[in-house]
Protein chains: 2
Amino acid sequence: MQINIMTLPILRDFKCSHCPIRHRAVCAHCDTDELQLLENIKSYRSFSAGESILWRGEPLDYVASVVTGVAALSKTLEDGRTQMVGLLLPSDFMGRPGRKQIAFDVTATTDVTLCCFDRKPFEKLVNDTPHLTQRLMELALDELDAARDWMLLLGRKTAREKIATFIEMLARRVHMEKDQDSLILPLSMTRDQIANFLGLTLETVSRQFNALKKDGIIDFSDRKFIAVKNIEALHAASGDDS
Amino acid sequence: MQINIMTLPILRDFKCSHCPIRHRAVCAHCDTDELQLLENIKSYRSFSAGESILWRGEPLDYVASVVTGVAALSKTLEDGRTQMVGLLLPSDFMGRPGRKQIAFDVTATTDVTLCCFDRKPFEKLVNDTPHLTQRLMELALDELDAARDWMLLLGRKTAREKIATFIEMLARRVHMEKDQDSLILPLSMTRDQIANFLGLTLETVSRQFNALKKDGIIDFSDRKFIAVKNIEALHAASGDDS
DNA sequence: CGATCAATTGAAGAACGTCAACGACCGTGG
DNA sequence: CCACGGTCGTTGACGTTCTTCAATTGATCG
């Protein structure tokens with residue numbers, strides 16, 4: 001039996017100053033001195049796709065920034081119904097100072113690398129560093145905006161609109177290639193994960209994907225990629241204005 | 001024609017130190033000196049029930065704390081479907097430093113009194129006052145937690161569970177009287193507002209309210225109050241665990 | 001090449017929305 | 001004081017959307 005090396009804590013030897021999320025993560029506003037203080041207490045951790053990062057209610061020993069990959073936050077009802085309540089992309093922050101546990105599960109959707117800070121020293125640092133507090137607030141407010149858009153989607157959009165909105169969101173924030181007249185998007189989630197994200201069943205997700213395909217708005221054959229053939233029609237199908 | 005006096009800006013002459021939300025609002029962590037700085041730039045504004053406080057995209061000249069009453073945040077799709085995305089109760093904060101407009105409408109659900117700060121001086125004060133930034137962050141994170149619970153409700157709960165969850169939430173945080181064996185809750189929202197809050201139609205809200213009444217879990221005759229007869233059964237109907 | 005998991009497809013049903021009518025309540029003005 | 005209009009709530013009949021259940025196909029990986 002082979003141990004998956006990705007699940008083991010890994011200490012990478014790269015400097016904060018060369019970090020890919022240096023200017024967007026919690027450390028964005030920090031100056032060189034402040035960065036050094038963070039550097040002293042950071043460590044890296046990796047998780048492979050599908051692995052659980054943290055269970056609801058589990059003691060939260062560290063807080064972290066996502067460096068690479070995608071993690072999902074989800075909540076579950078007692079009978080097993082599950083709803084994703086957030087996606088953590090690179091530079092997003094996990095955990096909050098002053099709270100010892102979180103109210104949802106965190107799972108690695110793709111392989112994930114986290115930049116971790118032990119909670120206690122981090123909290124102390126936050127109290128002494130307005131730049132950190134300020135950035136944490138900005139990140140929380142951005143997440144709040146995203147959460148509110150998602151509430152509109154969950155409460156009022158049709159299945160077709162949900163799927164169109166989802167694909168449009170991918171098109172906006174996932175790095176994408178342009179192939180002739182269509183945008184190629186990597187799709188790291190299964191139908192089941194997408195369903196949990198959109199408040200649907202996996203069958204409905206599959207049907208709506210294929211409906212958009214039949215309408216010539218998107219195309220796919222591979223499981224890992226989808227092509228957006230008509231971005232205007234996609235937007236029109238999302239139900240959003242402008 | 002009579003001008004509604006509640007719609008006019010009113011300057012109340014009470015000190016921050018005697019404010020009913022002194023220990024929960026954005027100023028919670030402020031010391032006496034910091035409080036004085038806030039006092040210098042604050043002013044009160046009142047809105048009567050149903051009145052719009054701020055439209056989406058409108059320039060945001062001030063930020064504010066809710067002192068009394070309830071305000072609702074809502075988003076609307078182009079064809080008119082609307083979804084409430086938050087409720088502002090006393091001590092909740094409206095607006096965010098660094099952003100000149102907001103992405104949703106704010107409406108007074110009941111008569112509302114706001115403690116307003118002009119945006120520019122407030123932002124300056126925030127930059128110089130870690131206590132304020134810290135509290136703003138806490139408030140944002142609390143709202144984020146609430147938003148995530150709401151996403152689970154909107155995405156995965158049945159109509160009956162939504163109504164039960166809603167009533168249970170009222171029971172927890174609205175000041176309530178105990179009348180014999182039942183809790184009396186003031187109900188300030190119409191069926192339509194509740195529907196927009198829960199992602200339902202007003203007819204479904206009405207039907208589920210009456211279903212819970214027929215089951216002996218709640219009771220009502222007056223439009224303004226409901227009585228919870230069986231709090232355990234109500235909780236069981238909410239779908240939440242524990 | 002089987003074994004497994006993801007995705008698709010169909011058929012049937014449940015839950016909720018839509019449309020419409022009606023009734024209760026409330027403030028207003030005659 | 002009563003008549004009136006408007007808003008809000010209730011109720012019924014019906015339709016649509018999405019879920020549920022089940023079977024099948026397709027893809028991937030030892």
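- Using the six-membered ring where Trp is involved, A/Phe166 and A/Phe197 have ring planes that are perpendicular, over 60° apart on the 30 and 60° scheme.
- Closest approach of A/Thr109 and A/Ala72 over heavy atoms only: OG1-CB, 3.6 Å.
- Nearest nucleotide to the side chain of B/Ser206, out of D/dG9, C/dT8, C/dA7: D/dG9.
- Judged by atom type and distance alone, A/Arg223 does not reach the base of C/dT8 through any side-chain donor-acceptor pair under 3.5 Å.
- Checked for salt-bridge contact, A/Arg99 and B/Asp142 meet the test: a charged N lies under 4.0 Å from a carboxylate O.
- Of the charged side-chain nitrogens involved, at least one lies within less than 4.0 Å of a carboxylate oxygen, so that A/Glu143 and B/Arg148 count as a salt-bridged pair.
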Pairing string of DNA chain D (Watson-Crick or G-U wobble, both atom distances under 3.5 Å; | = paired to other strand) is ||||||||||||||||||||||||||||||

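- As rounded to whole Å, 8 Å separates atom P of C/dC16 from atom NZ of B/Lys162.
- Residue contacts for A/Gly199: at a heavy-atom cut-off of 4.0 Å it reaches the sugar-phosphate backbone alone, with no base atom in range.
- Under the 4.5 Å side-chain criterion, counting only non-hydrogen atoms from C-beta, B/Ile167 is in contact with B/Val228.
- Using a cut-off of 4.0 Å between Lys/Arg side-chain N and Asp/Glu carboxylate O, A/Asp92 and A/Arg24 are scored as not salt-bridged.
- For the pair B/Leu200 CG and C/dT18 P, the computed distance is 11 Å after rounding to whole Å.
- In this structure, the NZ atom of B/Lys224 is 10 Å from the P atom of D/dC8, given to the nearest Å.
- Nearest to the side-chain atoms of B/Ala159 among the listed nucleotides D/dC18, C/dA6, C/dC16 stands C/dC16.
- In terms of modelled atom types and a separation under 3.5 Å, the side chain of A/Lys162 and the main chain of A/Leu200 share no donor-acceptor contact.
- Regarding A/Leu202, its CG atom lies at a distance of 15 Å from the P atom of D/dC18, rounded to whole Å.
- Note: CZ (B/Arg81) to C1' (D/dT17) measures 13 Å, nearest angstrom.
- Checked against B/Asp105 for a side-chain contact (heavy atoms from CB on, under 4.5 Å), the options B/Ile53, B/Leu54, B/Thr76 give a single hit: B/Thr76.
- If you take CD of B/Glu161 and C1' of C/dA15, they are 12 Å apart, rounded to a whole angstrom.
- An OP1 or OP2 oxygen of D/dT19 is reached within less than 4.0 angstrom by a side-chain nitrogen or oxygen of A/Thr204.
- No hydrogens or angles were tested; on distance alone, a donor-acceptor pair under 3.5 Å links the side chain of A/Arg207 to the base of C/dG10.
- Judged by distance alone with a 3.5 Å cut-off, no donor-acceptor contact links the side chain of A/Glu203 to the base of D/dC18.
- The phosphate of C/dA7 (OP1 or OP2) has no side-chain N or O of A/Asn210 nearer than 4.0 angstrom.
- Rounded to an integer number of Å, the gap from CE of B/Met189 to C1' of D/dG9 is 15 Å.
- The phosphate of D/dT10 (OP1 or OP2) has a side-chain N or O of B/Arg191 nearer than 4.0 angstrom.
- The 5' end of DNA chain D is approached more closely, in terms of each residue's nearest nucleotide, by A/Thr158 than by the other of A/Thr158 and A/Ser221.
- Across the protein-nucleic acid pair, B/Ile163 atom CD1 and C/dC16 atom C1' stand 12 Å apart, rounded to whole Å.
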